[in-house]
Amino acid sequence: MKDNRTELQKVKSEIELKENELEKYEKKLVQLKNQEKKIRKQASLEERKKRNHRLIERGAILESFIEGASEKSNQEIKAILQRTFQKR
């Protein structure tokens, strides 16, 4: 009977150890997922900054070629570009 109790205690001890390990790994997993989310957000923000910079540069180039571009509406600019780039 003593062997059964000893064996039972060993099993209980092993279960407790594994539950503690599981809890530790679950916490680590949550940390890694949060880190991944943060990195993805940073990458998205960086890509948005690059796109904004590109759009600003191209807008400046456009305005340098179209006289009075800053005073024209978006529709007027669109019409100018459509006429300019129509297939001939």
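Position 1 is the first residue of the sequence; numbering continues from there.
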Name every donor-acceptor pair, under 3.5 Å, that has one atom in a side chain of residues 56-78 and the other anywhere in the protein, sequence neighbours excluded.
from: Glu57; atom 1: OE2; to: His53; atom 2: NE2; distance (Å): 3.1
from: Ser64; atom 1: OG; to: Ile61; atom 2: O; distance (Å): 2.6
from: Ser73; atom 1: OG; to: Gln75; atom 2: N; distance (Å): 3.4
from: Ser73; atom 1: OG; to: Glu76; atom 2: N; distance (Å): 3.1
from: Ser73; atom 1: OG; to: Glu76; atom 2: OE1; distance (Å): 3.4
from: Glu76; atom 1: OE1; to: Ser73; atom 2: N; distance (Å): 2.7

Show the atom names and distances, to 0.1 Å, of all donor-acceptor pairs under 3.5 Å that link a side chain in residues 35-45 to residues at least two apart or in another chain.
from: Glu36; atom 1: OE2; to: Arg40; atom 2: NE; distance (Å): 3.4
from: Glu36; atom 1: OE2; to: Arg40; atom 2: NH2; distance (Å): 3.1

Side chains of residues 12-31: which donor-acceptor pairs under 3.5 Å do they make with residues two or more places apart or in other chains?
from: Asn20; atom 1: ND2; to: Glu16; atom 2: O; distance (Å): 3.4

